[in-house]
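This report refers to the structure that appears directly beneath it.
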Amino acid sequence: MASTGSTFVRCQAVPAAEAVVGREGLPSSRDDPKHRYVVSHPWLSKAHPDPSGETLRALVDQLDLLGASDDDAVFMDYTGLPQHDGQDLDLQRLERERRWPKPGEHPAVRDQGDELRFKRALDSMEMLYSIGGIPVIVLPMGSDTAEGRGYFSRG
């Protein structure tokens, strides 16, 4: 994706064959390499975490340095948790008008099932970043964040 100039797709658009759900595929022994990574990064815009592909390119560079293979799994919030489609122009209009739709009322908003999965995941998100043997890749990306505040002052 990085070499073609692509950007991350939201969770709902990740092909099922490319997704790892739960512990699927993780070795059961604590001593076995996990071949999984977790990424901490700022969103570079409100509508999309990486509209220019800058974070994706930085992530690929870090994975290469770590010796990751193409079969290793990487968790990022945007691709790993159900997301609203912040790039949808109609949804942007509704937000400006302060008429945000309820789950499932607009095709660009998480449906009720996705909303439940998202909230359930948030309740235990810290687990992803504290599992022994799974490296956390931190991509601070300077000060170009959606809110204009640096990553380290927010994280």
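Note that the coordinates shown come from a computational prediction; the quantities given were computed from them, not determined experimentally. Sequential numbering from 1 along the given sequence is applied to the chain's residues.
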Original post:
Without hydrogens or angle criteria, can the side chains of D90 and H106 be said to hold a donor-acceptor pair below 3.5 Å?
Top reply: yes

Subject >> Any donor-acceptor N/O pair, S6 side chain to A2 backbone, under 3.5 Å >> reply: no

Original post:
Which distance, rounded to the nearest 0.5 Å, do you find between the CD1 of I137 and the CD of Q62?
Top reply: 6.5 Å

Original post:
Between R110 and F118, is NZ or CZ placed under 6.0 angstrom from the six-membered ring centre and within 45° of the ring axis?
Top reply: yes

Original post:
With a 4.5 Å limit on heavy-atom distance, are the side chains of L59 and Y37 in contact?
Top reply: no

Original post:
Can you pull the salt bridge (charged side-chain N to carboxylate O under 4.0 Å, His left out) pairs that have at least one residue in residues 56-67, sequence neighbours excluded?
Top reply: none

Original post:
R117 and D111: which non-hydrogen atoms are nearest, and at how many Å?
Top reply: NH2-OD1, 4.3 Å

Subject >> Close side-chain approach of T7 to L56, heavy-atom, < 4.5 Å >> reply: no

Original post:
Quick one: hydrophobic cluster around L116, which other residues, with the 4.5 Å side-chain cut-off, linked directly or via members?
Top reply: none

Original post:
For D85, does its backbone N or O pair with a side-chain atom of H48 as donor and acceptor, under 3.5 Å?
Top reply: no

Subject >> Distance-minimising heavy-atom pair for R36 and P135 >> reply: O-CD, 3.3 Å

Subject >> M1 reachable from L63 in the ILVMFWY side-chain graph, under 4.5 Å edges >> reply: yes

Subject >> E105 side chain vs K102 backbone, donor-acceptor pair below 3.5 Å >> reply: yes

Original post:
Is the CD atom of Q112 crowded by more than 12 outside heavy atoms at less than 6.0 Å?
Top reply: no

Subject >> Backbone of D77 reached by a side-chain donor or acceptor of Q83 within 3.5 Å >> reply: yes

**OP:** Scan side-chain atoms only and decide if H41 and D50 contain a donor-acceptor pair under the 3.5 Å cut-off.
**Re:** no

Subject >> Lys/Arg-Asp/Glu bridge criterion (N-O < 4.0 Å) met for R120, E115 >> reply: no

Original post:
Which pair of non-hydrogen atoms, one from F75 and one from Y129, has the smallest distance, and what is that distance?
Top reply: CE2-OH, 4.1 Å

